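For reference, the structure discussed in these notes is given below.
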Amino acid sequence: VIDEAGNLVPGNQKVVDDFIKCSGFDRRATAAVKSLPFNIQVQMAQEGRVEGKNPSAVIMSRIKQYEAQKQIAEALEADKKAREQPGSPPGGASVANASLPATSVA
């Protein structure tokens, strides 16, 4: 666990290492877990042992979900910053949606 100041609480690396070992990940999955930010490694370890026919595939799927969520969060943050820039359309509307042509329905 990481404390409120963002400091690593001793013993967490062992938790992550034990999680990887007891889940039986292959080399690729182990490397993928270890490439994550440490706080995410700890969160995954705290979820418990990965079980199933292919634990490596399960953890890789979880990692892909994390990466997708991270990309969405980064895109939302970038959009927020762009809307705060001078010259943004009124009301924060994006330029793409600011002036859509009218369409008629028959």
Side-chain angles (χ1 to χ4, degrees):
V1 179
I2 296 180
D3 66 19
E4 292 176 17
N7 299 313
L8 175 63
V9 177
N12 281 341
Q13 187 61 54
K14 182 174 179 354
V15 169
V16 172
D17 292 342
D18 289 349
F19 164 69
I20 290 169
K21 184 177 179 180
C22 78
S23 295
F25 300 141
D26 61 23
R27 288 182 183 161
R28 181 173 164 250
T30 296
V33 169
K34 289 184 175 186
S35 73
L36 295 169
F38 189 72
N39 63 323
I40 302 301
Q41 293 179 38
V42 172
Q43 285 178 348
M44 288 188 173
Q46 289 174 336
E47 291 177 16
R49 178 179 170 194
V50 177
E51 298 179 351
K53 291 183 179 183
N54 189 343
S56 295
V58 172
I59 200 65
M60 293 301 289
S61 176
R62 288 186 191 173
I63 290 169
K64 286 181 183 178
Q65 289 173 355
Y66 159 75
E67 289 171 344
Q69 290 172 350
K70 181 181 172 190
Q71 287 178 346
I72 290 169
E74 289 171 351
L76 289 172
E77 183 63 27
D79 184 62
K80 179 181 174 185
K81 287 180 181 179
R83 291 172 187 258
E84 293 170 353
Q85 294 295 320
S88 294
S94 69
V95 174
N97 294 328
S99 58
L100 296 174
T103 57
S104 61
V105 178

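Basis for what follows: all heavy atoms, side chains included, without hydrogens, waters or symmetry-related copies. As the structure is a prediction and not an experimental result, all values here were calculated from the model.
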Partner residues of Asp18 under the salt bridge (charged side-chain N to carboxylate O under 4.0 Å, His left out) criterion, sequence neighbours left out: Lys14
Residue pair Ala29 / Ile59: nearest heavy atoms and the distance that separates them: CB-CG2, 3.7 Å
side-chain contact (heavy atoms from CB on, under 4.5 Å) against Lys80, all qualifying residues, sequence neighbours excluded: Glu77, Glu84
Main-chain N/O of Val50 paired with Ser23 side-chain donor or acceptor, under 3.5 Å: yes
For the student: nearest non-hydrogen atoms of Ser35 and Ala32, plus distance: OG-O, 2.7 Å
From Glu67 atom CD to Glu74 atom CD, the distance as rounded to the nearest 0.5 Å: 10.5 Å
Pair Phe38-Gln13, side chain to side chain contact (heavy atoms under 4.5 Å, CB included): steps then yes or no: CA-CA 9 Å; Phe38 189 72; Gln13 187 61 54; 3.1 Å; yes
Value rounded to 0.5 Å, distance of NZ in Lys70 from CD1 in Ile63: 12.5 Å
Salt bridge (charged side-chain N to carboxylate O under 4.0 Å, His left out) partners for Glu47, two or more places apart: Arg62
Pairs where residues 21-34 contributes a residue and the test salt bridge (charged side-chain N to carboxylate O under 4.0 Å, His left out) is met, not counting sequence neighbours: none
Check: Leu36 and Met44 side chains under 4.5 Å, non-hydrogen atoms: yes
Phe25 versus Ser56, closest heavy-atom pair with distance: CA-OG, 3.3 Å
